[in-house]
Every structure is written in structure tokens, then in C-alpha cells.
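Predicted model only: the values in this text are computed from it and were never measured.
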Number of protein chains: 2
Amino acid sequence: MPPRTRLKDIAESLNVSIATVSRALNNKFDINAETRNAILKKAEELNYRPNALAVSLRKNENFTIGVILPSVDHYFFSTVLKGIMNKAHQANYLVIIGESNHNPEREKELINQCATHCVTGLIISLASTDINHENLKFIKSNRIPYVLVDRPSKNEDDTFVKYDDEGGARLATEHLIAQGYKKIAMLKGKDSCSISESRFNGYTKALLKRGMAVDHDLIRSSSAAQGPEDGYFLSKELLLSKKKPDAIFCVNDDIAAGVYQASQELNLNIPDDLAVVGYSNSIISKHLSPTLTTVVQPGADMGEQAFDFLQQILIGNSSKLSRTFDARLLVRESSCKVI
Amino acid sequence: MPPRTRLKDIAESLNVSIATVSRALNNKFDINAETRNAILKKAEELNYRPNALAVSLRKNENFTIGVILPSVDHYFFSTVLKGIMNKAHQANYLVIIGESNHNPEREKELINQCATHCVTGLIISLASTDINHENLKFIKSNRIPYVLVDRPSKNEDDTFVKYDDEGGARLATEHLIAQGYKKIAMLKGKDSCSISESRFNGYTKALLKRGMAVDHDLIRSSSAAQGPEDGYFLSKELLLSKKKPDAIFCVNDDIAAGVYQASQELNLNIPDDLAVVGYSNSIISKHLSPTLTTVVQPGADMGEQAFDFLQQILIGNSSKLSRTFDARLLVRESSCKVI
DNA sequence: GAGTATTTCGGCAACGATTACGTGAAATTT
DNA sequence: AAATTTCACGTAATCGTTGCCGAAATACTC
């Protein structure tokens with residue numbers, strides 16, 4: 001089992017210098033056509049592949065980007081990753097992936113590793129628990145070009161790709177109002193989660209715009225898990241309370257799925273007795289019965305945009321780059337009373 | 001904006017040699033405690049981080065593994081990835097991720113990139129469309145240590161982590177028989193997909209074992225997408241045919257979701273008129289109504305095992321490593337007639 | 001106090017590749 | 001035929017680290 005072929009091996013076997021081999025393989029000018037062909041042939045024969053580590057070290061450019069996400073088995077993030085990889089592949093970049101699990105310390109380690117391994121850039125969806133954006137400062141202090149996804153900071157100078165969370169919530173709430181629902185509850189995410197807050201803002205703004213009161217008895221916050229169980233318990237509580245709502249807007253589809261369970265147990269018909277609207281258009285939404293009205297988040301598009309921005313930064317475009325993806329509501333069965 | 005700190009920078013600022021700095025930072029013996037502390041302090045001050053490219057080049061070991069999967073937004077694979085990353089993090093490995101999209105050429109490019117970037121090992125779920133396992137040969141010819149996940153070759157020498165696909169299908173089918181269903185259909189994946197074939201084998205074996213005939217009119221193959229649409233159309237066809245089945249075993253949960261749709265349109269009650277069993281325990285399965293009986297695939301565990309195997313190989317353990325994860329059936333509402 | 005051990009550090013050559021520069025021979029010009 | 005240009009290639013420095021070897025300087029032994 002011969003070790004990996006190096007330029008030196010090719011050079012020696014053809015009695016030329018290493019420099020000549022390098023020139024031949026890199027299509028430089030001052031090289032004789034014959035020797036060039038001989039070298040190419042030999043390289044093919046020996047299955048030569050340049051050592052990317054050495055090339056990167058020498059040229060001081062590493063065609064690798066780091067991607068740090070809170071979790072990859074969450075559908076939205078997996079589509080973001082897909083979008084990034086799609087573009088990265090076209091541009092011949094390698095993708096290093098890390099999962100922070102919403103843990104700032106873990107996130108910092110990952111940033112550190114990326115820096116150590118000389119990534120050319122970073123696309124990151126910051127852990128929402130890192131309130132003070134310490135890790136964002138850390139990235140900056142390391143001078144790594146970066147693009148923020150989905151969880152932008154308040155800093156105006158950051159390059160980011162986000163989604164109009166507030167707008168989506170507004171659309172959802174307005175839709176419920178238009179459908180004639182009167183007592184619209186909201187199941188928020190865990191407190192202090194900026195995304196949940198944005199969606200909550202959209203919800204309240206829509207209500208106020210239509211002259212409806214914001215009733216805090218109709219608003220509940222979920223646990224950190226933000227899963228179906230939260231939806232189940234919180235909605236059951238709501239539906240058994242005096243102020244029993246006729247519609248529930250959920251901060252995500254998983255929570256909405258929990259609401260389905262509760263309403264089934266309570267023998268409530270969706271959408272006639274209770275309307276439900278989710279958020280994210282995750283796979284489950286179209287499989288729930290009745291199908292779930294939800295806000296569409298184009299994860300893959302956002303990922304592609306993030307990579308495009310990163311490339312812009314890398315080629316020196318220093319203008320302020322940012323894009324907020326428009327909210328779109330996908331109306332399905334769960335929010336339309338059959339008349 | 002000063003460039004990245006190097007050993008040289010620290011050395012010059014303290015009037016010592018580069019070698020000394022290196023020794024200090026790497027906890028070597030022959031170094032004075034005072035100078036060592038001074039160097040550590042300076043390194044901290046200058047925010048020094050070793051250049052991983054240079055270290056890897058010099059030491060000829062790159063703490064990086066490549067992971068190549070058909071797609072990352074498929075739930076099962078995303079959990080495999082999660083498992084791999086979990087272990088990789090503990091072992092201080094970086095993870096490079098690539099998505100083949102079931103395309104062998106793309107897959108080959110990714111392997112090539114991984115080889116070029118000197119990954120220490122590869123965990124790969126081969127594209128099922130690569131019938132002759134050309135890419136597996138390619139990996140071997142490049143001498144990259146590898147572990148196969150989920151789609152093992154027929155070669156006995158390969159290290160692999162797989163799932164007892166046949167066993168899972170057998171469990172599912174036997175369960176349906178035990179529940180009293182008589183005409184059990186199967187919706188396979190696309191032809192020539194080895195996983196689908198294994199599951200089909202399990203299905204037929206279970207039937208034969210119980211003395212039931214395998215009726216090829218009750219067996220349909222889906223398109224390459226293997227999505228809900230396939231389930232919808234194929235099951236509708238079946239349910240409207242003369243041999244109308246009273247149970248359908250689906251090669252995956254997405255297809256099962258399509259069956260739900262069809263049965264709803266045809267006013268068939270699940271599980272009383274029709275039992276449905278899926279495969280993979282994807283997120284949708286517990287949100288479908290009624291909840292879907294499905295075969296559990298422990299993706300994260302499989303990912304962790306794959307990484308463990310890779311480490312075994314890397315430390316020189318040359319014994320034949322492989323593990324087949326036992327099948328487990330998660331019985332839910334869709335397959336249990338209410339008596 | 002001469003010889004030996006030990007401690008602490010610097011010099012240098014790698015790792016595999018790229019590239020500026022120089023050089024000899026051939027080809028071209030004058 | 002001398003001068004100049006062009007061509008094709010080799011030499012050597014470089015990227016940031018590590019590790020071998022050896023050299024001072026100090027400490028220890030008899």
C-alpha cells in the first residue's frame with residue numbers, strides 16, 4: 001500500500017523538478033507541451049491529488065466554510081443547511097458543520113475550532129440562549145467573515161439573512177380574524193426567545209390593527225422544548241378555562257400538533273370549533289388531519305442567500321448586506337370553517 | 001486589524017526562539033517554568049490559536065472526518081448526522097458534511113474533495129443508485145478509512161452499521177397478521193433500491209411463515225421520490241381494485257401518509273377498515289391521526305456507532321467491525337382494530 | 001577543580017505545495 | 001556572427017508547525 005502520491009513522486013519518476021510538475025498541473029505557461037502531457041499522464045497514473053492542507057497553507061486560502069446551527073434534525077435548519085451546501089458545492093467549497101444544541105459554550109468551542117481550521121467564512125444561526133451575543137463578539141474578534149441566519153443581532157452592521165417573523169405572525173392572525181374567529185389565543189415559545197417575541201409582536205399588532213383587544217389570559221409561554229407536549233398541556237388548559245378561545249395561533253408546528261391532540265380529547269372539531277395555525281411549514285403540517293395552516297419559511301432559499309452573502313463579503317463587497325425573507329401564509333384546512 | 005498571531009510573533013515579542021514557544025504551548029518537558037508562563041501569557045494576550053493546517057501538514061494527522069449522506073433534510077439521515085457529530089465532538093473531530101442527493105457522480109466528487117482535504121476517515125451512506133458500488137471502490141483505492149451506514153455492500157470485509165430492515169418488515173407484517181388482517185398489501189420503494197428489497201423480503205417471509213400467500217397484485221412499487229404522492233396514488237389504485245386490501249405496509253412513513261389521504265377520500269376508517277404501518281418513525285408518524293404504527297430506526301445511535309467504529313479502525317483495530325441494529329416495532333393506533 | 005549530568009534553549013530540516021527569480025540553451029533578430 | 005529574445009526548466013524561499021540534534025549554562029559528583 002503505497003502512501004499518497006506527492007509532486008515529488010511524479011517529479012522523480014520523470015526526472016524533472018517539483019516546480020515543473022506543479023506548473024504542469026496548474027496550467028502555467030512556461031512549460032513544454034510534451035513534458036506537460038507526460039506529467040499529466042503520470043499524475044493520472046499515480047492517482048495524484050494535491051494535498052489541500054499544503055495548498056491552503058501556502059496560498060493562504062482555504063476553500064472551506066463553517067456552518068453552525070442549533071440542531072440539524074430540526075426540519076427548518078436541515079433545509080437551511082441543504083441550501084448552503086447546494087451553493088457551496090457549486091462554488092467548490094467544503095462545508096464544516098457543527099451543532100450547538102443551543103448551548104453557548106458549545107457554540108464557542110465550534111467557532112474556535114472553525115477559526116483554528118482556517119475556515120474562510122462562517123454561516124451561523126446563533127444560539128438564542130446567548131443573550132448578550134458574546135459569541136458574536138468572539139467571531140468578530142477572530143476576524144472571521146460571517147453571515148447570521150435567522151437570529152440576527154440588533155447590530156446594524158451585521159450581514160444577515162432573516163425571516164419576517166413578525167410579518168408571518170401578522171398574516172396568520174389577520175387570516176384568523178378574517179375567517180371570523182373572535183377569541184384568538186397564542187401559544188408562544190419560551191420566554192426571552194427573540195424569534196418567539198417577534199411572532200408575538202406580529203400577533204398583537206394584527207389584533208390591535210383590527211381593533212381587537214390583546215387578552216393576556218389567552219397567551220401562554222411554552223417550556224424550552226417548545227414541543228407537542230407544550231402545545232398539548234397549554235391548549236388543554238386554555239380550552240378548559242372560562243375564556244375558552246376559538247382559535248389558537250402557535251409559535252411553531254410542533255406545538256400546533258399538541259393542540260390537535262388536546263382538541264381531539266376534548267371532542268373539539270378543527271376548524272369548526274377551534275382554528276389552529278402553526279409556523280414553519282414543517283413536514284408534519286401537511287400530514288396532520290385536518291391539514292395545518294402554517295407560515296412558510298423557505299429554509300433552503302435562506303441558506304442559499306446566506307452563502308451568496310458570504311461570497312460577496314469574501315470578494316470584498318463591504319456594503320451592508322442583509323435580506324429579510326417575506327412572510328407567506330399557507331392556508332390549509334385547520335383555519336377555514338366550512339360554511 | 002492585525003493578521004493572525006503566529007508562533008513567530010510570540011517568539012519575537014519575547015526574544016525567544018519559535019521552537020521554544022512551540023514547546024511551551026505543547027507542554028513539553030525541557031522548558032523553564034518561567035519562560036513557559038511568560039509564553040502562555042503572551043499567547044493568551046495575542047489571542048494565539050495554532051494554525052490547524054500547518055499542524056496537520058506537519059504531523060500528518062488531520063482531526064477531521066467526512067460524512068456523506070444522500071440528503072440531510074430527510075429525518076432519518078439528519079439524526080444519523082446528529083449522532084455522528086455528537087461523538088465527533090467528544091473526540092475533538094471536525095465534521096465535513098456533503099450531500100450526494102443520490103447522485104453517484106456528485107458522490108464521487110465529494111469523496112474526492114474529502115480525500116484532497118485529507119480527512120482521517122469517512123462515514124458514508126452510499127447512493128443507492130450506484131449499483132456496482134463504483135464509489136466504494138473509489139474510496140478504497142484512495143485508502144481512506146471508512147464506515148458504511150445503512151446501505152452496506154455485499155462485501156464481507158467492509159465495516160458497516162446497518163439496520164435490520166428485513167426484520168423490521170417482518171415484525172410489521174407479523175403484527176398485522178396477529179391483529180387479524182387478512183389481505184396485507186405492500187407499497188415498496190422504487191425498484192432496485194436495496195433497502196426496499198430487504199423490507200420486501202421481510203414482508204414476504206412473514207407471510208409465508210404464517211402460511212399466507214404472497215399476492216403480487218397487492219404489491220406496488222413507488223417512483224424514485226418515494227413520497228406521499230406515491231402512497232396516495234398507489235393505495236387509491238389498490239383500494240379501488242377487486243383485491244382491495246385490509247392492511248397496507250409501507251416502505252416508509254411518507255408513503256403511509258399518502259395512504260391516509262387516500263383512505264380519507266374513500267371514507268375508509270383507519271384502523272377499522274384499513275390498517276396502515278409505516279417505516280422509520282419519522283416525526284410525522286406520531287402526528288398523523290390516527291397515530292401511525294411504524295418501525296423504529298435509531299438514527300442517532302447508528303451515527304454514534306459508526307463514529308465509534310471509525311475510531312476503532314483509526315487506532316488500528318483491524319478486526320471485522322459491523323453492527324446490525326435490531327428492529328423494533330412501535331405499535332400505535334393505525335394498526336389496532338378497536339374491538 | 002576536573003569531569004560528568006542535567007536543564008534549557010536555539011538551529012535546522014522537514015511536511016507538500018507554490019512561485020519569484022535565475023539560468024542555460026535554442027531561436028530569433030540585426 | 002554577435003546580440004537579443006524566447007523558451008523551458010531548476011533553485012530556493014515561503015506558508016506555520018514540529019521535532020531532532022546539539023550547544024550553552026548550570027548543577028552535581030568524586
### Query
Does K140(A) come within less than 4.0 Å of D158(A), counting only side-chain N to carboxylate O?
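Here K140(A) pairs with D158(A) in a salt bridge, since their nearest N and O are under 4.0 Å apart.
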### Message
Quick test of your reading of the model: are E134(B) and K137(B) salt-bridged, counting only N-O distances below 4.0 Å?
### Response
yes
What contact category does [X] fall into here, base, sugar-phosphate, or nothing, at under 4.0 angstrom with non-hydrogen atoms?
| X | value |
| --- | --- |
| L57(A) | base |
| N60(A) | nothing |
| N62(B) | nothing |
| T35(B) | sugar-phosphate |

### Message
For a quick check, tell me whether the side chain of D30(A) and the base of dC9(D) share a donor-acceptor pair closer than 3.5 Å.
### Response
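In this structure, the two groups form a donor-acceptor pair.
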In whole Å, I'd like the distance from the [atom1] atom of [X] to the [atom2] atom of [N].
| X | N | atom1 | atom2 | value |
| --- | --- | --- | --- | --- |
| I18(B) | dC15(D) | CD1 | C1' | 12 Å |
| E61(B) | dA14(C) | CD | P | 20 Å |
| E12(B) | dG10(C) | CD | P | 13 Å |
| K59(A) | dG16(D) | NZ | P | 16 Å |
| I39(B) | dG10(C) | CD1 | P | 8 Å |

So, is [X] near the phosphate of [N], with a side-chain N or O under 4.0 Å from OP1 or OP2?
| X | N | answer |
| --- | --- | --- |
| N32(B) | dT8(C) | yes |
| Y48(A) | dG16(C) | no |
| T20(A) | dC9(D) | no |
| S22(B) | dT17(D) | no |

### Task
Could you pick out which residue, A54(B) or R23(B), lies toward the 5' side of DNA chain C when each is mapped onto its nearest nucleotide?
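On the 5' side of the pair lies R23(B).
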### Message
Return whichever of A19(B) or T5(A) has its heavy-atom-nearest nucleotide of DNA chain C closer to the 5' end.
### Response
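Its nucleotide being nearer the 5' end, the pick is A19(B).
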### Task
Establish, yes or no, whether a centroid distance under 6.0 Å links the rings of Y163(A) and F325(A).
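No: the rings miss the under 6.0 Å criterion.
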### Message
Under 3.5 Å, is there a donor on one side chain and an acceptor on the other for H89(B) and E109(A)?
### Response
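Checked: H89(B)/E109(A) side chains pair up, N/O donor to acceptor below 3.5 Å.
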### Task
For K28(B) and for L53(B), find the nucleotide of DNA chain D with the closest heavy atom, then tell me which residue's nucleotide is more 5'.
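Taking each residue's closest nucleotide, the earlier one in sequence belongs to L53(B).
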### Task
Any chance you could lay out the ring pair (Phe, Tyr, Trp, His ring centres under 6.0 Å) test for Y93(B) and F307(B), step after step, and finish with the verdict?
CA-CA 10 Å; Y93(B) 272 80; F307(B) 187 83; 5.7 Å; yes
